[in-house]
J.: 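Below is one structure. I have some questions about it.
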Amino acid sequence: MKEIKTISCIGAGYVGGPTMAVIALKNPNIRVNVVDINPDKIKQWNSDNMDDLPVYEPGLSDIVRQVRGKNLFFSTDIEKAIDEAEMIFISVNTPTKTYGVGKGMAADLKYVELCARQIAEVAKSDKIVVEKSTLPVRTASSIKRILSEQNKGLNYSVLSNPEFLAEGTAINDLLEADRILIGGEQNDSGKKAIEALVSIYAAWLPSERILTTNVWSSELSKLTANAFLAQRISSINAISALCEVTEADVDEVARAVGMDSRIGPKFLKSSVGFGGSCFQKDILNLVYLCRYYGLNEAADYWEQVIILNDYQKDRFAKKMVQSMFNTVSGKKIALLGWAFKKDTNDTRESAAIYVADKLMDEQAEIHVYDPKVKKARMMDDLNYLKTRTPEENEQLLTFENDPYEAVREAHAIAIITEWDEFKTLDWQKIYKLMKKPAFVFDGRNILDFKDLRKIGFEVSAIGKN
Ligand code: UDX
Ligand code: UDX
């Protein structure tokens, strides 16, 4: 395999953008092109104002500032990027299908297929094609077929290189990755392609952290890793329901359980329910795969992780209404946070959307403050559900730039996202601004509840007594 001089990545999203920025930073001799069909997104990536970057990640803007225009380039010219590169990453979105066979379960691979077709059309030299998007096991063989169809006598290798970064810590997760997984065909050209990709990551990671496997194991490992992580959250959330009706405290249970080194302390934080673009989509995909192969018991097992997560979101919204004397109609409720977790502007599958929707069903007036999410995003999230008309959503949801305005005269606050800045708000002042009795609902225990009680809040939290 020739030396890699140029890498291109199709898809400048939450995964493609940060991953390529770090690869460019650590491989100054490689040109990295990031392309996207969305011209607005590319314009934002090229903006001089770092606050305009389409992805917010701590540390990302510093890296973009260092390498953009040197060896990192953002553009909409997909064909040129394909032509120039020896290695092409596919990092386009693979949402859950909303139509046809596998609707609501299977991953929609239409964008991935489009990329493969475009590569096959444009390529004039051998290419290593890297699946960065999360894909169902055995997708590589479909990509390979599409690529080879054109019969140009070119050699294509398809690698699977799933991303394990978590939003909000993406840059650190890339720089200090626990492991990099590279799956490839177990033949000569496959092994050379694997080596080429290993050398890119070896620019900053020790070789023992770079794991190579066959393609299918790599594809399936990504789905499995996300399913295991989500399963831990659903497990502790199931226990939180039990804690609420007994004298147990879910944080104390999590701590006691997590100190068993076989279990470990991470991902045991009870919450309003997990969000994000990956967990639900990947588990649905896993369930679909199991069913496809007739493994119904295995499918049911994993599906329960999603069922429990929906139950948790629903329970939170119901608990709010019940505590507020079974009616929230016409009441102002402040939501602090809309992003699916702190330190990101991403809102995909955020529990906030679901909780707001349920409260709006009860005719509550929702006022939202989030440090990074813009109003248009919130409205899009609600309109996508199609529960109400966009005009009704506009009427019931008010976007606030200031947390104190969001809580002024509010009957209740629901803390949905664990942003650090919420911890340092003046809670005494907030209490004074609110209607009485004032309620605080929290799914993530980010505040000291004893202190809140001292200043007069009715504190009611999921997972807390
Ligand atoms: C994506 C996938 O959703 C996920 O399955 C995988 O695990 C990682 O990659 P993400 O980067 O978060 O996740 O998606 P998103 O932020 O939506 O970015 C995808 C980008 O691809 C978008 O900017 C979109 O405009 C672009 N795109 C999509 C193309 O350039 N071409 C297409 O044909 C389709
Ligand atoms: C996840 C995986 O962690 C990552 O490896 C994969 O590449 C993509 O999917 P991400 O969705 O960005 O990353 O964030 P993550 O930190 O995993 O959080 C997902 C959701 O779970 C968030 O809503 C978070 O608040 C919630 N969560 C996390 C809990 O409710 N409790 C926990 O203990 C941990």
Side-chain angles (χ1 to χ4, degrees), residues 1-2 4-27 30-38 41-42 45 55 60 63-64 67 71-94 109 111-120 122-123 125-135 139-140 142-144 146-147 156-165 170-171 173-174 177 180-185 190 193-205 210 212 215 218-219 222 278:
M1 183 53 63
K2 285 188 300 184
I4 306 290
K5 295 204 185 80
T6 304
I7 290 176
S8 293
C9 172
I10 310 178
Y14 282 92
V15 171
T19 308
M20 290 305 126
V22 169
I23 287 184
L25 179 75
K26 296 295 182 182
N27 291 275
I30 297 181
R31 181 188 166 98
V32 181
N33 301 314
V34 187
V35 288
D36 200 291
I37 40 166
N38 181 342
K41 199 168 261 191
I42 292 301
W45 278 115
V55 171
L60 174 64
I63 297 179
V64 171
V67 288
N71 67 328
L72 177 68
F73 301 90
F74 294 95
S75 134
T76 50
D77 196 342
I78 301 178
E79 293 199 355
K80 181 160 171 268
I82 293 172
D83 185 35
E84 276 180 9
E86 296 89 26
M87 182 180 275
I88 302 165
F89 285 75
I90 300 182
S91 188
V92 297
N93 38 333
T94 49
L109 301 182
Y111 303 123
V112 172
E113 188 179 327
L114 276 171
C115 289
R117 286 183 190 281
Q118 201 169 6
I119 295 169
V122 173
S125 54
D126 295 351
K127 306 283 176 202
I128 299 172
V129 176
V130 186
E131 301 174 349
K132 197 53 154 168
S133 304
T134 306
L135 297 167
T139 307
S142 315
I143 295 184
K144 181 104 195 208
I146 294 168
L147 292 171
Y156 294 104
S157 287
V158 180
L159 299 178
S160 158
N161 173 220
E163 194 50 75
F164 295 105
L165 59 81
I171 298 301
D173 293 345
L174 284 159
I180 293 292
L181 181 57
I182 301 173
E185 283 175 290
I194 292 176
E195 268 170 43
L197 186 53
V198 166
S199 72
I200 310 275
Y201 287 107
W204 78 94
L205 288 167
I210 306 176
T212 61
V215 196
S218 169
E219 288 178 338
K222 171 63 194 261
C278 284

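For clarity, every value in this text was computed on a predicted model and none was experimentally measured. Basis for what follows: all heavy atoms, side chains included, without hydrogens, waters or symmetry-related copies. One-based numbering along the sequence shown.
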J.: Checking E163 against T19: is there a side-chain donor and acceptor pair closer than 3.5 Å?
T.: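 Note: T19 and E163 side chains meet the donor-acceptor criterion.
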J.: Looking only at heavy atoms, which two atoms of A116 and I143 are closest? And how far apart?
T.: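 In terms of heavy atoms, the two residues are closest at CB-CG2, 4.1 Å.
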J.: What heavy-atom pair brings V158 and A140 nearest, and what distance separates the two atoms?
T.: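 In terms of heavy atoms, the two residues are closest at CG1-CB, 3.8 Å.
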J.: Can a donor-acceptor pair be found, under 3.5 Å and without considering hydrogens, that links the side chain of S133 to the backbone of V92?
T.: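 At least one qualifying donor-acceptor pair exists.
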J.: What's the separation between atom CG in D36 and atom CD1 in I78, rounded to the nearest 0.5 Å?
T.: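 Rounded to the nearest 0.5 Å, the CG-CD1 separation comes out at 7.0 Å.
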J.: Under a 3.5 Å distance rule, please check whether W45 uses its side chain to pair with a backbone N or O of A12 as donor and acceptor.
T.: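 Judged by distance alone, yes, a pair lies under 3.5 Å.
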J.: Measuring from atom CG of N27 to atom CD1 of I7, what distance do you get when rounded to the nearest 0.5 angstrom?
T.: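 N27 CG to I7 CD1: 6.5 Å, rounded to 0.5 Å.
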J.: Quick one: are I37 and Y111 in side-chain contact, heavy atoms under 4.5 Å?
T.: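 A side-chain contact under 4.5 Å is absent here.
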J.: Ignoring hydrogens and geometry, is there a side-chain-to-backbone donor-acceptor pair from S160 to E131 under 3.5 Å?
T.: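 Not at all, since once roles are kept as given, no pair shorter than 3.5 Å links the two residues.
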J.: Start with the C-alpha distance between T6 and E86, add both sets of side-chain angles, then the distance that settles side-chain contact (heavy atoms from CB on, under 4.5 Å), and finish with yes or no.
T.: CA-CA 6 Å; T6 304; E86 296 89 26; 4.2 Å; yes
J.: To the nearest 0.5 Å, what is the distance between CD1 on I82 and CD1 on I119?
T.: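 Reported value, rounded in 0.5 Å steps: 5.0 Å.
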J.: What residues, two or more places apart in sequence or in another chain, satisfy side chain to side chain donor-acceptor pair (under 3.5 Å) together with N161?
T.: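 Partners of N161 under the side chain to side chain donor-acceptor pair (under 3.5 Å) test: K132, Y201.
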J.: Do you know which two heavy atoms are closest between N71 and A24, and how far apart they sit?
T.: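 Minimum heavy-atom contact is ND2-O, 2.9 Å.
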J.: Is there a donor-acceptor pair under 3.5 Å between the side chain of K222 and the backbone N or O of L135?
T.: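 Checking the backbone N and O of L135 against the side chain of K222, no donor-acceptor pair under 3.5 Å is found.
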J.: What are the two closest heavy atoms between V55 and L60, and how far apart are they?
T.: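 Between these two residues, the closest heavy atoms are O-CD2, 3.6 Å.
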J.: Measure across C9 and S91 and return the closest heavy-atom pair with its distance rounded to 0.1 Å.
T.: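 Residues C9 and S91, closest heavy atoms: SG-CB, 3.8 Å.
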J.: Over all heavy atoms of both residues, which pair between A193 and L159 is shortest? Give the atoms and the distance, please.
T.: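 Looking at all heavy atoms of both residues, the closest pair is O-CD1, 3.6 Å.
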J.: Just how far is it from atom CG of L181 to atom CD of E219, taken to the nearest 0.5 Å?
T.: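 Spacing of CG (L181) from CD (E219) equals 10.5 Å.
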J.: Once ring-ring contact (aromatic ring centres under 6.0 Å, His included) is applied, do any residues pair with F73, and if so which ones, sequence neighbours excluded?
T.: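 In terms of ring-ring contact (aromatic ring centres under 6.0 Å, His included), with neighbours along the sequence ignored, F73 is linked to no residue.
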J.: NZ/K127 to CE/M87 distance, rounded to the nearest 0.5 angstrom?
T.: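 Separation between the atoms: 11.5 Å.
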J.: Which value, rounded to the nearest 0.5 Å, describes the distance between M20 atom CE and I63 atom CD1?
T.: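 Result: 13.0 Å between the selected atoms.
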J.: Under the 3.5 angstrom rule, does the side chain of W204 hit a backbone N or O of L174 as a donor-acceptor pair?
T.: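 Side chain of W204 to backbone of L174, a donor-acceptor pair under 3.5 Å: yes, one is there.
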J.: Any side-chain heavy atom of L197 within less than 4.5 Å of one from I128?
T.: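 SC-SC contact between L197 and I128 ruled out.
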